[in-house]
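Following: one structure in structure tokens, then a few remarks.
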There are 2 protein chains.
Amino acid sequence: MAVAARRERERTARREAILDAAQELVAAQGYHGMRMDSVAEAVELSKGTLYLYFENKDALCAAVATRLLDTLIPFMESALENTSTGLDAVHKLFQKYSDFTQENPHHFRFALAWLSEGERMDDSTEAFQIYRGRVGDMLSLVVASLKRGQADGSIRADVDPLPQALQLWTSFLGVVMVGLNREAMAQRVPVPMDFEQLVPLHLDAMVRALSSEGAS
Amino acid sequence: MAVAARRERERTARREAILDAAQELVAAQGYHGMRMDSVAEAVELSKGTLYLYFENKDALCAAVATRLLDTLIPFMESALENTSTGLDAVHKLFQKYSDFTQENPHHFRFALAWLSEGERMDDSTEAFQIYRGRVGDMLSLVVASLKRGQADGSIRADVDPLPQALQLWTSFLGVVMVGLNREAMAQRVPVPMDFEQLVPLHLDAMVRALSSEGAS
DNA sequence: TCGATAACTGACTACCAGTCAGTCACTGAC
DNA sequence: GTCAGTGACTGACTGGTAGTCAGTTATCGA
């Protein structure tokens with residue numbers, strides 16, 4: 001009996017070790033650059049063993065991303081303290097989100113890959129269901145702040161919180177996607193541009209769009 | 001002499017045939033799903049021959065995307081007719097862009113792949129330089145309309161046209177990225193949502209943010 | 001002591017972008 | 001007419017990577 005418990009602990013520890021290695025490699029090489037062989041080597045296991053812990057590469061990455069979202073969500077929640085209005089809260093939530101993507105660009109790239117080329121990613125695994133749930137939790141923070149803003153009058157009354165939260169999130173994704181690759185983007189986009197400005201500019205636009213002041 | 005001219009014509013025709021095949025396959029299978037072997041088979045050439053016309057897969061895809069942008073730009077320009085104000089023009093430009101992505105989702109996926117995982121894409125080829133130029137032309141339309149809007153008073157005077165055009169474009173990319181995969185997204189994003197609403201909602205937010213009415 | 005079980009291994013398959021030595025067909029000079 | 005030169009084309013091959021699976025090893029309980 002105690003044996004089973006110990007085995008369970010060992011299994012969990014090994015799983016965490018794999019996640020640590022995968023996370024580090026994704027951080028260094030990006031989602032596509034991360035190789036299952038490299039993960040195996042890093043944890044001193046054979047590649048086959050990885051597949052005893054994760055169904056496939058995508059599931060492993062989803063598990064890494066889930067662990068990161070477990071950090072992001074409390075981080076975003078901390079932004080809600082000392083907010084004067086719901087509108088202010090929305091602004092600060094996304095500010096935190098932006099900070100997080102700067103610290104964890106690899107996580108963001110994974111999320112993007114999932115959203116943009118999802119057809120090629122196997123999201124039928126349990127790991128993905130859990131990940132999906134976390135994304136929902138994150139979006140709920142935005143929805144709640146939008147409602148709060150409508151209650152305190154800082155956000156237009158005709159805003160529909162759920163669709164608007166998705167609009168905020170998805171548009172933000174696009175901006176951060178480009179801002180994240182700003183070094184490469186400077187050569188890539190054929191216009192002179194300081195990409196540092198982009199996120200603040202977008203947040204400002206979002207606040208203006210939501211604000212009850214000057215509403216039609 | 002005439003031989004050289006004929007050879008040149010034949011070469012161009014073959015190049016176009018390859019582009020046609022590649023475009024169709026990218027449309028059907030997506031950027032990642034398109035196989036160089038499939039393109040070769042479709043044009044009844046060996047794979048090696050493709051590499052006499054295009055440096056690599058990415059360059060071929062960039063050439064496909066360039067051809068599509070050659071269609072998009074006049075299409076967007078046509079939106080400028082019968083626009084009452086610069087603000088209205090910006091709105092209609094993006095509306096056309098949205099329409100185009102619905103018709104040519106594959107092109108958009110390629111652009112996304114380029115922007116989001118650009119490190120892994122070889123964008124040093126000539127085909128990419130040309131593509132970059134087209135993206136710049138497209139953005140110029142937005143910049144010009146923003147300036148027009150400031151001149152006619154429909155857009156806030158404190159908007160900096162070039163950064164704002166990038167903010168509009170990049171945020172739009174995020175929204176369209178999600179909207180494009182709305183079938184998959186319905187299961188993927190853990191909230192009930194009619195993704196058809198998303199683009200109009202975003203355009204509305206952008207117009208509100210740019211509008212000189214109610215400006216602080 | 002030994003059969004059962006879980007954990008692990010690594011050589012293997014399948015797949016795909018890109019390469020290159022060699023073939024083929026046409027051309028123009030002689 | 002011949003034949004060397006040239007450009008177009010070929011397809012078997014390389015290299016790299018995700019995922020598989022038959023077999024090995026270690027540990028456990030009876």
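Here is how names work: the chains are called A, B, and so on, in the same order as the sequence lines, proteins then strands, and each is numbered from 1.
When the P atom of dG11(D) is taken as reference, atom CG of L52(B) falls 14 Å away, rounded to whole Å. If you measure from atom CG of L50(A) to atom C1' of dC8(C), you get 11 Å, rounded to the nearest angstrom. Between the CZ atom of R9(B) and the P atom of dA8(D) there is a distance of 14 Å, rounded to whole Å. One atom, CD of E10(A), and another, C1' of dC28(D), lie 13 Å apart when rounded to the nearest Å. Distance, R14(B) CZ to dG7(D) P: 17 Å, rounded to whole Å. Taking atom CZ of residue R11(A) and atom C1' of nucleotide dC8(C), one finds them 11 Å apart after rounding to whole Å. As a whole-Å value, the separation of F54(A) CZ from dA18(D) P is 15 Å.
Here L45(B) lies in heavy-atom contact (under 4.0 Å) with sugar-phosphate atoms only. Across all strands, Y53(B) comes closer than 4.0 Å only to sugar-phosphate atoms, never to a base (heavy-atom distances).
Contacts of F100(A) classified as ring pair (Phe, Tyr, Trp, His ring centres under 6.0 Å), with partners at least two apart in sequence or in another chain: H107(A). Qualifying side chain to side chain donor-acceptor pair (under 3.5 Å) partners for N56(B), counting only residues two or more places apart in sequence or in other chains: D122(B). For E81(B), there are no salt bridge (charged side-chain N to carboxylate O under 4.0 Å, His left out) partners, not counting sequence neighbours. In this view, E8(B) satisfies the side chain to side chain donor-acceptor pair (under 3.5 Å) rule with no residue, not counting sequence neighbours. Partners of K96(A) according to the salt bridge (charged side-chain N to carboxylate O under 4.0 Å, His left out) rule, which considers only residues two or more places apart in sequence or in another chain, do not exist here. Under the salt bridge (charged side-chain N to carboxylate O under 4.0 Å, His left out) criterion, D204(B) pairs with R208(B), not counting sequence neighbours. T71(A) pairs by the side chain to side chain donor-acceptor pair (under 3.5 Å) definition with nothing, not counting sequence neighbours. Every residue meeting the ring pair (Phe, Tyr, Trp, His ring centres under 6.0 Å) condition with F94(B), not counting sequence neighbours, appears here in chain and number order: F172(B).
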Going by atom type alone, with no hydrogens or angles, which donor-acceptor pairs under 3.5 Å involve a side-chain atom of residues 15-24 of chain B and a protein atom two or more places apart or on another chain?
residue	atom	partner	partner atom	Å
E16(B)	OE1	R67(B)	NH1	2.7
D20(B)	OD1	R67(B)	NH1	3.1
D20(B)	OD1	R67(B)	NH2	2.8
Q23(B)	OE1	R67(B)	NH2	2.9

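Shown for residues 59-68 of chain A: no residue has heavy atoms falling under 4.0 angstrom of DNA chain C.
Axis angle, first five pairs versus last five pairs of the helix from dT1(C)-dA30(D) to dC30(C)-dG1(D): 30°, rounded to 10°.
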| said: Checking R148(B) against T83(B) for the side-chain contact (heavy atoms from CB on, under 4.5 Å) test, could you report, in this order, the C-alpha distance in whole Å, the side-chain angles of both residues, the deciding distance, and whether it holds? | reply: CA-CA 11 Å; R148(B) 180 183 150 200; T83(B) 46; 3.0 Å; yes
Whether each nucleotide of nucleotides 14-25 of chain C has a protein heavy atom under 4.0 Å at its base (B), only at its sugar-phosphate (S) or at neither (-) is summarised, 5' to 3', as --SBBBB-----
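For the residue pair T101(B) / S98(B), no side-chain donor-acceptor distance below 3.5 Å is found, with atom types taken as modelled.
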